[in-house]
Peer 1: 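Below is one structure. I have some questions about it.
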Amino acid sequence: MSAVPDKPSLDNIESGWIQAWESEGIYAFDRTATRENVFAIDTPPPTVSGSLHMGHVFSYTHTDTVARFWRMRGKSVFYPMGWDDNGLPTERRVQNYFGVSCDSSVPYDPNLTPPFRGDPPKDHKPVPVSRPNFIELCEELTAEDEKIFEDLFRRLGLSVDWSLLYATIDERSRRASQRAFLRNLSRGEAYTQEAPTLWDVDFKTAVAQAELEDRERPGAYHTLAFHRSDGSGDILIDTTRPELLAACVALVAHPDDDRYKPLFGTTVRTPLFGVEVPVLAHPLAQIDKGTGIAMCCTFGDLTDVTWWRELRLPMRAIIGRDGRIVADAPQGLTDARGLEHFSALAGKSAKQAQTAIAEMLVASGEMIGEPRAISHPVKFYEKGDRPLEIVTSRQWYIRNGGRDVALRDELLARGAGLAWHPDHMRHRYSNWVEGLNGDWLISRQRYFGVPVPVWYRLDEHGEIVYDSPLVPDESQLPIDPSTDVPVGYDASQRGQAHGFVGDPDVMDTWATSSLTPQIAGQWEDNADLFSRVFPFDVRPQGHDIIRTWLFSTMVRAHFEHDRAPWRNAALSGWILDPDRKKMSKSKGNVVTPIDLFEKYGSDAVRYWSAGARPGIDTAFSEDQMKVGRKLATKLLNVSKFVLGFGDADESLAPTHPVDLAMLQKLSVVVNEATAAFEAYDYARALERTESFFWWFCDDYVELVKTRAYATHGEEGALSARIALRRALSTLHRLFAPILPFVTEEVWRWWQEGSVHRAPWPVHADVWREEGFTVHGDSIIDSVCHVLGEIRRAKTEAKVSQKAVVESVVVTATPSQIDGLTSAWSDIADAGSVSSWSAAPDDDATDITVSVVLAPVAP
RNA sequence: GGGCGUUUAGCUCAGUUGGCUAGAGCAUCUCCCUUACAAGGAGAGGGUCGGGGGUUCGAGUCCCUCAACGCCCACCA
């Protein structure tokens with residue numbers, strides 16, 4: 001406890017309290033707490049490969065307010081932090097930061113010095129480094145980034161228990177990730193399969209359905225002439241991807257399309273290449289699209305994959321994993337002229353090949369008319385820059401209901417059983433699950449990730465035997481199959497006939513982050529801890545990753561624990577650009593969180609965040625931060641003022657009706673704020689509290705301050721002081737989850753310990769039914785109404801509020817008059833009123849006030 | 001094409017089982033240096049609650065319908 005300062009200030013109050021909270025262990029999780037006394041949060045691990053932006057500040061504040069509420073309610077709050085440093089974003093950042101690229105063929109250099117540390121020149125060509133060197137650089141850079149994130153989160157005032165920190169690439173995460181995978185494998189929930197897969201040609205990795213996005217791109221319809229094998233003429237098809245012509249394996253039309261019915265079962269020859277392909281029927285073909293008959297290639301899009309599979313077509317892949325036309329002509333292409341055409345395309349990118357083949361088609365007369373420009377949606381990897389191709393590769397999958405109705409229904413039921421905040425977000429989940437069209441592809445052909453923990457036997461020819469992978473024992477985890485050796489083999493057998501080889505892939509970042517409850521709760525590593533936190537109370541996250549993070553976490557917990565991993569899902573909205581309508585002002589000035597913390601204080605930034613209702617997108621607003629700053633300042637000043645009246649025992653009963661009425665009003669606010677927080681509606685809790693607070697400062701304090709100075713005797717003064725201090729204590733605690741710094745500052749002026757460990761206020765402590773009958777619940781409203789009329793009279797007369805009022809006449813019902821009489825002394829003090837009279841009127845509907853101002857001295 | 005959300009003052013938004021004359025903050029305007037706070041205080045103006053229809057004694061609130069905007073998903077020859 002410290003004294004009330006003469007000049008309270010918000011300047012730089014953060015650092016002192018950050019240190020005090022750490023040294024006092026205010027936010028430490030109590031590991032002895034039983035599950036029912038724990039509030040466990042499955043914190044989103046931010047990707048640390050970028051900068052911390054206002055979106056982080058916004059959503060993490062929301063969670064923090066709820067965490068603080070439950071802590072004050074007496075729960076042991078399990079509030080961990082994690083860093084999502086695993087995966088592609090980190091790789092990309094390391095490449096750009098150090099000016100290197102990963103090349104598995106380069107030997108490890110223990111003394112490697114990267115060519116740059118930050119901002120290599122644009123024309124710099126990346127220097128190839130070994131995979132171990134690359135991973136070291138990833139670890140080095142993420143460690144730096146994580147320090148910055150931690151400092152910012154502390155500055156924001158997150159009540160995280162930093163001893164619970166994890167990173168998605170650390171040993172604990174790798175162990176959990178591999179353990180969960182191996183259990184999925186042993187139960188048949190994970191499997192490997194060679195199949196056509198969406199492929200990013202720049203990152204050279206497979207991507208999953210959940211990581212796709214459509215982008216509108218210009219394209220062009222090319223009309224090509226296919227030649228009927230019986231020589232009876234041509235069939236015209238429209239395609240946006242003529243460069244795939246050599247990969248054509250069939251023409252497909254709708255079975256009911258009368259135009260093409262006679263052709264089903266016949267064959268045609270492709271333009272330029274002269275390959276004979278069948279004309280087939282399939283319901284996915286759209287009669288009204290293009291010419292109604294499509295060229296099916298291996299593979300132009302996912303419809304091609306369906307046709308290829310269901311119509312049992314041959315494979316004629318021509319796009320390589322680098323996105324270029326392969327060197328060798330596909331099977332079936334034997335025509336000499338066709339081979340010539342093909343070799344002219346080999347090695348070109350898809351885009352280059354399109355230009356080249358269009359010229360060839362024009363030259364051969366097999367393109368009808370000019371290409372017609374269109375704009376159409378094209379599938380991209382969400383982090384990628386070029387359209388996805390489809391290539392055939394061997395990948396690992398985890399079942400997710402995309403190919404299994406029973407499992408899908410189970411997962412839908414899991415989602416339906418969650419409490420969603422806001423509730424309508426549940427539709428995003430069910431919408432996604434119902435629309436799944438395949439299992440979850442988890443393997444990635446990358447470097448900085450958790451390795452797929454299996455090896456494969458090699459047969460007598462040194463060929464990989466995929467159907468019975470060699471797996472490690474769980475006690476060995478985590479492993480790296482590229483350096484570790486399976487039981488029963490020695491290192492010399494790696495890559496040898498009858499030996500083994502490690503799976504070269506890593507798992508998708510979601511395959512690890514889908515296990516954040518298990519990682520943070522330390523699952524098999526610390527079963528006691530896990531039993532105290534799992535299933536978690538809440539998963540806070542953005543609504544944009546319901547289909548990825550939320551759903552995948554549900555899948556893993558469903559398989560592993562046969563239950564949902566949490567009870568609640570709290571979805572936060574997005575920050576919108578405030579200038580999105582004013583383009584001219586949006587240039588320059590990128591606002592960073594740290595600047596705002598310094599300009600307005602952390603509490604003010606939190607105030608802006610907490611003003612947004614759960615799940616609602618919100619415009620960035622410095623104006624709101626100014627309001628938050630004002631609120632914090634007011635809290636300092638009013639606290640100083642109230643405490644300046646001197647001590648009073650808050651457990652005593654106030655006696656004055658105005659004081660009792662105020663406390664009764666506050667007790668309602670306590671109930672409302674409590675209910676709001678219980679429903680994850682921090683914004684409503686803040687709004688109720690704030691609204692009361694300003695009324696408390698502007699009206700109640702003004703009414704009673706003269707009396708509190710003991711100008712009318714000790715009894716009235718004592719009642720006011722008790723009420724003021726009881727209200728102040730309550731307000732400090734109601735604001736504590738939203739404004740942790742200023743409330744701690746003022747709390748410690750007069751209380752022991754941290755406000756953040758103080759008990760959350762309850763109705764019964766504020767309003768104790770102290771044996772006094774209030775003159776109806778409107779007494780305080782009547783009093784404020786009269787005070788307001790007096791103030792208005794002064795404003796309209798353009799005189800100071802301290803101007804003396806000669807007389808006031810109030811017309812009201814007798815019962816209202818009774819109430820006003822009991823409080824008149826306070827009104828007179830606050831309004832500088834000399835005398836008043838009452839005009840009782842049984843029929844009065846309103847309180848009318850006539851004010852006569854004292855003549856102003858000239 | 002399917003799903004979800006939003007639409008209330010110039011701006012950002014409250015308005016929780018239908019109920020006094022629809023609220024707050026910001027912005028605007030007026031006044032006040034009153035000793036907790038001028039980085040403050042006291043007031044004022046400003047709204048056909050997106051349009052239309054319906055239920056009801058009574059609708060911002062419930063139902064139907066239309067529209068605009070936004071998001072998610074699907075389609076992608």
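Here is how names work: the chains are called A, B, and so on, in the same order as the sequence lines, proteins then strands, and each is numbered from 1.
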Peer 1: What is the nucleic acid contact for A:Trp574, judged by heavy atoms within less than 4.0 Å: base, sugar-phosphate only, or nothing?
Peer 2: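 No contact at all - A:Trp574 keeps every heavy atom at 4.0 Å or more from the nucleic acid.
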Peer 1: What does A:Cys296 touch in the nucleic acid at a heavy-atom separation under 4.0 angstrom: a base, only the sugar-phosphate, or nothing?
Peer 2: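 It contacts nothing in the nucleic acid.
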Peer 1: Once you apply the 3.5 Å cut-off to both distances, tell me the Watson-Crick or G-U wobble partner of B:rC4, or none.
Peer 2: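 Its partner is B:rG70 (Watson-Crick or G-U wobble, both distances under 3.5 Å).
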Peer 1: Would you classify A:Lys634 as touching base, sugar-phosphate or nothing, given that sugar-phosphate means primed atoms plus P, OP1 and OP2, and contacts are heavy atoms under 4.0 Å?
Peer 2: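 Base contact - A:Lys634 has a heavy atom under 4.0 Å of at least one base atom.
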Peer 1: Picking from B:rA42, B:rU30, B:rC26, which would you name as closest to the side chain of A:Lys798?
Peer 2: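 Closest nucleotide to the A:Lys798 side chain: B:rU30.
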Peer 1: Is there any salt bridge (Lys or Arg N to Asp or Glu O under 4.0 Å) pair reaching into residues 287-305 of chain A, and which pairs are they, with sequence neighbours excluded?
Peer 2: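 Of all non-adjacent pairs touching residues 287-305 of chain A, none passes salt bridge (Lys or Arg N to Asp or Glu O under 4.0 Å).
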Peer 1: Go through the N and O atoms of the side chain of A:Glu702 and the base of B:rA36, and report whether any donor-acceptor pair is under 3.5 Å.
Peer 2: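 Per atom types, the contact qualifies.
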Peer 1: Can you tell me if A:Tyr607 touches the phosphate of B:rG25, counting only side-chain N or O atoms and a distance under 4.0 Å to OP1 or OP2?
Peer 2: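 Answer no for this pair, as no side-chain N or O of A:Tyr607 is under 4.0 Å from OP1 or OP2.
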Peer 1: Would you classify A:Gly788 as touching base, sugar-phosphate or nothing, given that sugar-phosphate means primed atoms plus P, OP1 and OP2, and contacts are heavy atoms under 4.0 Å?
Peer 2: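 Answer is sugar-phosphate: A:Gly788 comes under 4.0 Å of backbone atoms only.
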Peer 1: Searching all strands shown, indicate the nucleotide that pairs with B:rA14 (Watson-Crick or G-U wobble; both distances under 3.5 Å).
Peer 2: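 Check on B:rA14: unpaired, no WC or wobble geometry under 3.5 Å.
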Peer 1: Out of B:rG25, B:rA14, B:rG5, which has the shortest distance to the side chain of A:Gln624?
Peer 2: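 Nearest nucleotide to the side chain: B:rG25.
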Peer 1: What string of B, S and - do you get for nucleotides 70-77 of chain B, 5' to 3', if B is base contact, S is sugar-phosphate-only contact and - is no contact with any protein heavy atom under 4.0 Å?
Peer 2: -SBSSBBB
Peer 1: Scan A:Val627 against the nucleic acid and name what it touches under 4.0 Å (heavy atoms): base, sugar-phosphate only, or nothing.
Peer 2: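 The answer is sugar-phosphate, as A:Val627 gets under 4.0 Å only of primed atoms, P, OP1 or OP2.
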Peer 1: Holding to salt bridge (charged side-chain N to carboxylate O under 4.0 Å, His left out), I want the full list of residues that pass it with A:Asp841, two or more places apart in sequence or in another chain.
Peer 2: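 Not a single residue meets the salt bridge (charged side-chain N to carboxylate O under 4.0 Å, His left out) criterion with A:Asp841.
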Peer 1: Counting the atoms with a prime plus P, OP1 and OP2 as sugar-phosphate, which does A:Glu434 contact under 4.0 Å by heavy atoms, base, sugar-phosphate, or nothing?
Peer 2: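 No contact.
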